[in-house]
Asker: 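Have a look at the structure that comes next, please.
Counting starts at 1 for both ligands and their atoms, following the listed order.
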Amino acid sequence: VIADVPPRPPIAWDPIPFDARRVADTRAYARRHYGRASARLRPRVIVEHLTANTSYRATFNTFAPNVPDPELHERPGTCTHFVIDPAGRIHQLVPLRLVCRHTVGLNDVAIGVEHVGTSEAAVWGNARMRFASLRLTRWLQARYDIATADVIGHRESVGHRLHHERVARLRTQTHGDWPAAWMRRVRAAL
Ligand SMILES: [Zn+2]
């Protein structure tokens, strides 16, 4: 039997600064929120996101600085492992060995994939973005043995079985991007 391993899609390596200070901030974040002081990612979930803007460069610039985020006011700065731009190009901003802050309750186990756009319909209706997203997700699934049920939208984070958060006020915190109605379509396409 020959395993059906999808090919690695083209990925542009475009790293945000992730210096020793940012790694230390990530380790401290993991201790506060997960009770385990480690910046090492254990990939078991893929979380799909929407940037709510129209520019890859603006997205990169949002994630590049290691500053407290405007919503929860803590370091490290928020980030994502991958960004898919409107031309369907895949950019990788952070190595997959590192925890990245993109989904409260799942950052220690989740790979983050951002899609540049202002709505799920705009992303899904763009064939280049849709194909790139599906190719990247399938390849990550094969590489890390991640089931399609564990490819979730940000909006689905709180209900996931691996969701955990030590800070009580954040236990139900999530965002509205890629709700279940959209993710059913995405998972069916995977
Ligand atoms: Zn999101």
Side-chain angles (χ1 to χ4, degrees), residues 14 16 18 26 29-30 33-34 41 43-86 88-94 96 98-126 129-130 132-134 136-137 140-141 146 148-165 167 169-187 189-190:
D14 194 8
I16 57 170
F18 218 114
T26 301
Y29 176 96
H33 294 273
Y34 308 126
L41 180 70
R44 298 179 65 187
V45 182
I46 298 168
V47 180
E48 311 284 3
H49 298 269
L50 189 66
T51 62
N53 66 23
T54 57
S55 156
Y56 169 69
R57 194 41 53 187
T59 301
F60 181 93
N61 290 339
T62 296
F63 294 130
N66 182 27
V67 294
D69 63 290
E71 186 181 355
L72 304 175
H73 314 290
E74 61 184 322
R75 280 195 177 85
T78 55
C79 60
T80 184
H81 295 97
F82 296 98
V83 179
I84 297 172
D85 75 19
R89 282 186 297 259
I90 303 168
H91 306 260
Q92 184 172 1
L93 277 56
V94 176
L96 285 163
L98 287 173
V99 165
C100 206
R101 258 192 84 196
H102 56 92
T103 304
V104 164
L106 287 171
N107 289 314
D108 56 339
V109 292
I111 297 168
V113 180
E114 288 278 357
H115 300 77
V116 174
T118 54
S119 71
E120 288 83 359
V123 170
W124 206 243
N126 177 331
M129 292 192 82
R130 188 171 71 247
S133 180
L134 291 169
L136 174 65
T137 301
L140 290 168
Q141 284 187 261
I146 295 171
T148 297
D150 292 326
V151 178
I152 67 171
H154 192 171
R155 181 68 183 82
E156 298 179 302
S157 62
V158 172
H160 195 273
R161 71 181 187 287
L162 296 177
H163 184 276
H164 63 143
E165 174 57 63
V167 178
R169 70 184 164 80
L170 294 180
R171 278 183 195 141
T172 57
Q173 192 279 356
T174 188
H175 284 171
D177 44 330
W178 295 98
W182 272 106
M183 287 309 299
R184 278 192 283 275
R185 294 174 71 168
V186 173
R187 285 187 286 263
L190 290 167

Asker: Only one of L96, V94, T103 passes side chain to side chain contact (heavy atoms under 4.5 Å, CB included) with I111; say which it is.
Answerer: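 Among L96, V94, T103, the one that satisfies the side chain to side chain contact (heavy atoms under 4.5 Å, CB included) with I111 is L96.
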Asker: For the side chain of Q141 and the backbone of I146, is there at least one donor-acceptor N/O pair under 3.5 Å apart?
Answerer: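 Here the side-chain-to-backbone pair exists.
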Asker: Strictly under 2.8 Å, is any N, O or S atom of H102 next to the Zn ion (ligand 1)?
Answerer: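 It does not; every qualifying atom lies at 2.8 Å or beyond.
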Asker: For the aromatic rings, using the six-membered ring if either is Trp, is the centroid distance between W124 and H115 under 6.0 Å?
Answerer: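 Ring centroids of W124 and H115 are no less than 6.0 Å from each other.
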Asker: Tell me, which N, O or S atom in H154 is closest to the Zn ion (ligand 1)?
Answerer: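 This residue's closest N, O or S atom turns out to be ND1.
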Asker: Of all N/O/S atoms in H49, which lies nearest to the Zn ion (ligand 1)?
Answerer: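 Minimum-distance N/O/S atom of H49 relative to the Zn ion (ligand 1) is ND1.
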Asker: Please check if the number of heavy atoms outside R187 that lie under 6.0 Å from its CZ is greater than 12.
Answerer: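 Enclosed.
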Asker: Which is the closest N/O/S atom of D177 when seen from the Zn ion (ligand 1)?
Answerer: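 Going by distance to the Zn ion (ligand 1), the closest N, O or S atom in D177 is OD2.
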